[in-house]
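Here the structure is laid out as structure tokens; the discussion comes afterwards.
None of these values were measured; they are calculated from a predicted model. As a basis for the values below, the full set of heavy atoms in this structure was taken, side chains included, without hydrogen atoms, waters or symmetry mates. To find a chain, count down the sequence lines: A is the first, B the second, and so on, and within it residues start at 1.
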Amino acid sequence: MCGATIARMPELPEVERVRRSLAERVVGRRVERVMLRRADIVEGDRSPAALLAGRVITGIERHGKQMAIVTDTGRCICVHLGMTGSLCYEPATRGEKGEGKKHVHVVWTLDAGDRFEFRDPRRFGGVWTFPDRDTLVRDRWSLLGRDALAIEAGELHAALGDSRRPIKAALLDQAVVAGLGNIYVDELLFTCGVHPLTPARRVSAAVVEAMTRAMRALLARSIEAGGTTLRDYVDANGQAGGFQSQHQVYGRRGEGCRVCGIALRSRVLAGRMTVWCPTCQPGGRKR
DNA sequence: ACGATACCCTGATGGC
DNA sequence: TGCCATCAGGGTATCG
């Protein structure tokens, strides 16, 4: 099993857990060599140097669901876990790189033979290389909205603008706010009593204010609980996430609302399975 | 211009 | 048991 971090459907809390657990192991250490086993998982310069060979890792940052591994010269890579991606720390004692494991696309070997690996069966994730942090921000992170843990109510309200699209679709849009995925959007809308079909422009400033607070609290609680584990997630210390037990609506279609008891409704919205409580989240009529 | 849809991909799952 | 259809969805390309 993976020594560090697997997250199925990694959203902001899961990525933050990966960031923290990996940073503990690799910051301050030199990348001795890089093995690229599947070239098309990397976008940009695919040379060993671009993939951080010879560099000393100085930090791991996160913006929304994306991570950046930054090094002493400023050279960095951006890692997106997609749906099934993971960054796993593997001590040297755990055998040879990628041995017997499928879908390990990149292996970074550190001093003493310890290493970390990018694995992604479905390949919705990827790795992007940048000569420096400014280029990463300019070419990639500037396309994202503010991080969901940092965004303020006024900014979120402005980002929603006068869009008529369903609030669920807007909150999933990483250019509006970075870090939310299907699970946390449904949970957030339930918490705020907002119907997922509500046109974004019709969510009042007051509700956006409450939503912003609820979003921070929800994400913070999930990070605290170790993130959401739907199948086999363990962090660097072998601990599974525990937040799934707190889900109010996600994955509970047809089951009773934990607040009012009525059967939760569901439909596909913005291409995503969406679950809500028809009484706790009234309205939703499009205009 | 905006919003909805198709597609990428593999593993888990359920039906027969 | 094994085969096949179905579903899951983050992000992007394309359609309407």
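- Proximity of A:His80 to the phosphate of C:dG11: a side-chain N or O atom is located under 4.0 Å from OP1 or OP2.
- Scanning atom types as modelled, no donor and acceptor separated by under 3.5 angstrom connect the side chain of A:Arg164 and the base of B:dG3.
- A:Arg38 comes within contact range of no nucleotide atom at all, as no heavy-atom separation falls under 4.0 Å.
- Between A:Asp173 atom CG and C:dG10 atom P the separation is 13 Å, expressed in whole Å.
- Residue A:Arg265 qualifies as open at atom CZ: its count of foreign heavy atoms under 6.0 Å is 12 or below.
- Taking only side-chain nitrogens and oxygens, A:Gln174 never comes nearer than 4.0 Å to OP1 or OP2 of C:dG10.
- With contacts defined as side-chain heavy-atom distances shorter than 4.5 Å, the pair A:Asp186/A:Trp276 does not qualify.
- OP1 or OP2 of C:dG9 has at least one side-chain nitrogen or oxygen of A:Tyr250 nearer than 4.0 Å.
- Closest to the side chain of A:Pro166, out of B:dG11, B:dC9, B:dA4, is B:dA4.
- Of the side-chain N and O atoms in A:Ser163, one or more sit less than 4.0 angstrom from OP1 or OP2 of B:dG3.
- For C:dA8, its base sits under 3.5 Å from the side chain of A:Arg122 at one donor and acceptor pair at least.
- Side-chain proximity of A:Arg272 to B:dG11, B:dG3, C:dG11: nearest is C:dG11.
- Remark: the A:Arg123 side chain and the C:dG9 base include no donor-acceptor N/O pair separated by less than 3.5 Å.
- Applying salt bridge (Lys or Arg N to Asp or Glu O under 4.0 Å) to A:Asp111 and the options A:Arg25, A:Arg29, A:Arg30, A:Arg33 leaves one that passes, A:Arg29.
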